[in-house]
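As a basis for the values below, the full set of heavy atoms in this structure was taken, side chains included, without hydrogen atoms, waters or symmetry mates. Because the structure is predicted, anything quoted here is derived from the model rather than measured. Every chain is numbered from 1 and lettered A, B, ... according to where its sequence line falls, protein lines coming before strand lines.
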Amino acid sequence: MNERYDPKSLESRWQRKWEESKTFRVTEDLSKKKYYCLEMFPYPSGRIHMGHVRNYAIGDVIARYKRMRGFNVLHPMGWDAFGLPAENAAIKHNIHPSKWTLENIAFMRDTQLKRMGLSYDWDREIATCLPEYYRWNQWIFLKMFERGLAYKKRSYVNWCPSCQTVLANEQVEAGLCWRCSAVVVHKELEQWFFKITAYAEELLADCDRLTGWPERVLTMQRNWIGKSVGVEVDFIVADTGEKLTIFTTRQDTLFGVTFMSIAPEHPMIEALIRGRSEAGTAREFVQRVMREDKAERTDEKREKEGVFTGAYAVNPLNGDKVPIWVANFVLMEYGTGAIMAVPAHDQRDFEFAKKYNIPIRVVIQSAEKNLDAAAMNEAYVNDGTMINSGPFDGISNVEGKEKVVDHIEKKKIGKRTVNWRLRDWGVSRQRYWGTPIPIIYCPECGMVPVPEQDLPVKLPMDIELTGKGLSPLAEAASFVQVSCPTCGGLARRETDTMDTFVDSSWYFLRYCSPKEGKAPFDKQAASYWMGVDQYIGGIEHAVLHLLYARFFTKVIRDLGLFDGDEPFNNLLTQGMVIKDGAKMSKSKGNAVDPDFIMNKYGADTARIFSLFAAPPERDLEWSDQGVEGAYRFLHRVWAFVARHAEALKSVKPASDTARGDALFRKTHLTIKKVTEDIERQFQFNTAIAAMMELVNEMYAQTADNAPDERLPVIRAVVESLTLLLAPFAPHFAEEVWEAIGGAGSIANASWPEYDAEAIKESEVTIVVQVNGKVRSKITLPAGVSGKEVEAAALADLKVREYTDGKPPKKVIVVQGKLVNVVV
RNA sequence: GCGAGAGUGGCGGAACUGGCAGACGCGCCAGACUUAGGAUCUGGUGGGCAACCGUGGGGGUUCAAAUCCCCCCUCUCGCACCA
């Protein structure tokens, strides 16, 4: 064994060995307990960044640890390979997206990920841009189409003018595109949707079963799904007699309605204003609001504005005629696009009424203060007693809510309804580098699904990407023109492609049988491996990917392909890697290149540092000196082993006979601590700290040249430490393992068990407090009684000094830990 | 505004059910080996001369509080006119 630790040559040597002997290949084995460890697969942008390093290091420790604990571990890797950057690169550098993507994958796999020493079964690698994969996107799409879960509709959608495509609601953040931050505009288009709302109730309810997920992710999903229980009520438009249906959760305030507000997109507007003197101003207002982009429309600070339509509606409960307004804050997408306005009890309506001098009528009286409409300066939104509400006067509004809805349902003027914030998932993208939607439009037969045997609908390779004009596929005549599968006549293909989030919504199932040719995946294999026991990735997918994947899993279950309700049993959301207080990014110029770190210190150091500097869920502040520290730690272990390696080869490790030895004891305490830290929410930082303590102890306890009789203990420490290090610094551990004559690859070795006898103490140090302050420490044999501890404490000189000879009022003894003498 | 999480040395962070605050690492200081040290090893390192004081601030419960309760402040993230 070399004196110097030289990670470079050592690491590549072990990587070759693992690859040649297929150390990490797995197959289903019913005799073993399985463990599915998965990190979110990357987009092949060309280079990995520190966030990836951290993500995969965390996953790899878990996978390797579970292997050593005897699990049959599935730990796969692949590529989320469709997406816009490939297309942009194509336009900019005149390279085909396919070529660009596959080259990136090769580089990232062979020269970056493999150099990290990750324990993947590379035989299971998948790339979503390959027809073998995306044909199953198309197949699932067709199954969903058959069941009405994929459908086409014309609607207002989010359009990103920079990406030149439509975005799903989940992909719009504060009015901006999630990818490029361009301002998103509303556009009316015909688009494909997945009916995720059909699963809203189950997606919400099952959040309660995801006990292995962080609470904040569940909260975000619950908020996003946004269940709201209320009532739909039909108002009748005066003169025309048309129904204007509104949604409300405050039916207890129905008697306080003094006007109505409808969304500018509401389909009844034309009918309401036609022929009235207000028509002109109303149309002008509607057009002005609709021209605004999403960011402007949804800005909360934005002033509430509206115009009167000239029409009136009749309140079905009290017969009042109230004016109908068009208001800029009413959303067509939510509820019915029309609301009843109760200024006394809703802040938005209150502001609106004040602005336009609309009457305010109090119908809920507060218990604390007497509300007077004229004197109010904000809406009263709390509970109270119903007044001015005809038959409901005098009862509490909480009770009133039920009574009013019962009354409404009995009179058939409305019904209980549940409204969701969640909208159907818009999956059409007007881009090239994605899965073609397998639909054909025939002038005779209409919309015809591509027959299953014709799948995959392959992306044409001879295509010109200009970044201008229509969707690229729409301009590829050879792709568009097709004969109708039903009548054989001339027909046209759908030219939109699928959102790339479709690809990642079921890839975890594909890993179970990645080469399966007859179905998206093999049912047997999936039932063995699924669900994912530990999923690891960034918090940024809290609603996007993680919600879609849950939805797909349920759909796939209902298609009869798989028996499971949820894909990910446990979720770990790792924190960001930051430097100088900001997220690492190229644009901020604070990015640290993983290749540079791995070249200089080796992969094991990079792994140790990123696991040691912070617990996994928290943000990790990058520190160049911290990396040095991680390297120094490995070096220290190396130097120690190198000193003894030759002698240790022929020595058997100490066992129970060494139980009295302090270093032997520390070793077993460390095994215990590291094991517990990994098991307890993957606290790798403290696990590594414990190993560092052991190393410090190793040096301290063998400061003088160790006599031969200590070699068995040294052998035991080194052996255990190497095993403990194996998941964290795998190349290093293999090398040391080999040097001390360990059998086979350490990746296949068993995780050490601690000797419960060895960690027992013969003596305990007990802290002695006087009035809660530490005054002394006494050492007593382990297992002494409380009485003896008390006596020893009272006899202590320091205690006598502080108690001044006075008798104690009370003495508290905490077994084996502490005594508190109260005077 | 609503929801979630977090405030501990110069820094990253420890402290499982209330029981020695600051493990471990970085940085810093001193020493050793050295022509030299940015290498390595050893020791020290919350503040204060001290009694003591110290976990964002203020109250409280307790023999004992970073940990439990109440009030307040700050920061981060998510949602944000959802009727």
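For A/K773 and B/G54, the shortest distance from a side-chain N or O to OP1 or OP2 is not below 4.0 Å. In terms of phosphate contacts, A/R348 brings no side-chain nitrogen or oxygen within less than 4.0 Å of OP1 or OP2 of B/A80. Distances shorter than 4.0 Å separate none of the side-chain N or O atoms of A/R222 from OP1 or OP2 on B/A4. An OP1 or OP2 oxygen of B/G25 is reached within less than 4.0 angstrom by a side-chain nitrogen or oxygen of A/N696. Applying the 4.0 Å criterion to OP1 and OP2 of B/C41, one finds that A/R636 has a side-chain N or O inside that range. Within the structure, a side-chain polar atom (N or O) of A/R618 is placed less than 4.0 Å from OP1 or OP2 of B/A14. A/K817 has no side-chain polar atom (N or O) that falls below the 4.0 Å cut-off from OP1 or OP2 of B/G19.
Using Watson-Crick or G-U wobble geometry with both donor-acceptor distances under 3.5 Å, B/G31 finds its partner in B/C41. Checking B/C20 for Watson-Crick or G-U wobble geometry (two distances, each under 3.5 Å) identifies no partner in any strand. Using N1 to N3 plus N6-O4 or O6-N4 for Watson-Crick, or N1-O2 and O6-N3 for G-U wobble, each under 3.5 Å, B/G54 pairs with nothing. The base-pairing partner of B/G25, taking Watson-Crick or G-U wobble contacts with both distances under 3.5 Å, is B/C11. Under the Watson-Crick and G-U wobble criteria, each requiring two contacts below 3.5 Å, nucleotide B/G3 is paired to B/C77.
Using a 4.0 Å heavy-atom criterion, one finds that A/E693 contacts the sugar-phosphate atoms exclusively. Nucleic acid contact class of A/V811 (heavy atoms, under 4.0 Å, all strands): none. At the heavy-atom level, A/G629 lies under 4.0 Å from the strands shown only through sugar-phosphate atoms. Nucleic acid contact for A/V822: sugar-phosphate only, since backbone atoms but no base atoms lie under 4.0 Å from a heavy atom of the residue. Looking at heavy-atom distances under 4.0 Å, A/P214 makes no contact with the nucleic acid at all. Across all strands shown, A/E628 has no heavy atoms under 4.0 Å from either base or sugar-phosphate atoms. Nucleic acid contact class of A/N685 (heavy atoms, under 4.0 Å, all strands): sugar-phosphate only. Within the nucleic acid shown, A/N328 has no heavy atom closer than 4.0 Å to any nucleic acid atom.
When each of A/D349, A/I262, A/T248 is checked for a side-chain contact (heavy atoms from CB on, under 4.5 Å) with A/I339, only A/D349 meets the rule. None of A/T417, A/I246, A/N315 except one satisfies the side-chain contact (heavy atoms from CB on, under 4.5 Å) rule with A/V233; the exception is A/I246.
Between A/W622 and A/F609, the distance from one ring center to the other falls under 6.0 angstrom. Here A/W425 and A/F501 keep their ring centres 6.0 angstrom or further from each other.
Atom P of nucleotide B/G10 and atom CD of A/E621 are separated by 17 Å, given to the nearest angstrom. In this entry the distance linking CD of A/E378 with C1' of B/G1 reads 12 Å, nearest Å. Per the geometry, OH belonging to A/Y601 stands 16 Å off P belonging to B/G38, to the nearest Å. Straight-line distance from the NZ atom of A/K809 to the C1' atom of B/A64: 15 Å, rounded to whole Å. In this structure, CZ of A/R775 is placed 16 Å from P of B/C20, rounded to the nearest angstrom. Summarising the geometry, the separation between CG on A/L634 and P on B/G25 is reported as 13 Å, rounded to the nearest angstrom. What separates CG of A/N820 from P of B/G18 is a distance of 17 Å, to the nearest Å. Atom C1' of nucleotide B/C75 and atom CG of A/D619 are separated by 12 Å, given to the nearest angstrom.
Side chain of A/T686, nearest nucleotide from B/C24, B/A83, B/A15: B/A15. The side chain of A/Y334 lies closest to B/C82 when the candidates are B/U42, B/C82, B/G25. With distances taken from any side-chain atom of A/T219 to the nucleotides B/G3, B/A23, B/C82, the minimum falls on B/G3. Distance from the side chain of A/L818 is smallest to B/G19 among B/G19, B/A83, B/A23. For A/R632, counting side-chain heavy atoms from C-beta on, the closest listed nucleotide (B/C20, B/G12, B/C26) is B/C26. Side-chain proximity of A/Q769 to the nucleotides B/G19, B/C63, B/G25 is greatest for B/G19. Closest to the A/P615 side chain, of the nucleotides B/C63, B/G13, B/A21, is B/G13. Here B/C24 is the nucleotide among B/U42, B/A83, B/C24 with the atom lying nearest to any side-chain atom of A/M692.
Between B/A39 and B/C28, the two P atoms lie 10 Å apart (nearest whole Å). Of the P atoms belonging to B/G59 and B/U67, the separation is 14 Å, rounded to the nearest Å. As rounded to the nearest Å, B/G48 and B/A36 have C1' atoms that lie 39 Å from one another. On the P atoms, B/A50 is 39 Å away from B/C70, given to the nearest whole Å. Nucleotides B/C26 and B/U45 are separated by 13 Å at their C1' atoms, to the nearest Å. B/G22 and B/G10: their C1' atoms are spaced 14 Å apart (whole Å). Taking atom P in both B/A65 and B/G31, one finds a spacing of 42 Å when rounded to whole Å. Nucleotides B/C73 and B/A83, compared at atom P, are 28 Å apart to the nearest Å.
There is no side-chain donor-acceptor pair under 3.5 Å between A/N419 and A/S228. Side-chain atoms of A/Q221 and A/R550 include a donor-acceptor pair closer than 3.5 Å. A/N223 and A/R421 form no side-chain donor-acceptor contact under 3.5 Å, judged by distance and modelled atom types alone.
With hydrogens and angles left out, the side chain of A/K777 and the base of B/C20 share a donor-acceptor pair within 3.5 Å. On a pure distance criterion of 3.5 Å, no polar donor-acceptor pair joins the side chain of A/N223 and the base of B/C79.
In this structure B/G56 sits in the anti conformation; its chi angle is more than 90° from 0.
Remark: side-chain polar atoms of A/N820 are paired, donor with acceptor, to backbone N or O of A/G772 under 3.5 angstrom. Between the A/E788 side chain and the A/S785 main chain, a donor and an acceptor come within less than 3.5 Å of each other. Under the 3.5 Å distance criterion, the side-chain polar atoms of A/D619 are matched with a main-chain donor or acceptor of A/M576. Listed for the A/Q251 side chain is a donor-acceptor partner under 3.5 Å among the backbone atoms of A/K401. Here the side chain of A/H668 pairs no donor or acceptor atom with the backbone of A/I759 at under 3.5 angstrom.
Looking at which nucleotide of RNA chain B each of A/T765 and A/R4 is closest to, the 5′-most match is held by A/T765. Summary of the strand contacts: A/V767 and A/Q625 both lie near RNA chain B, and taking for each the nucleotide with the nearest heavy atom, the more 5' one is attributed to A/V767.
The stretch residues 673-683 of chain A touches RNA chain B through A/R680, each having a heavy atom within less than 4.0 Å of the strand.
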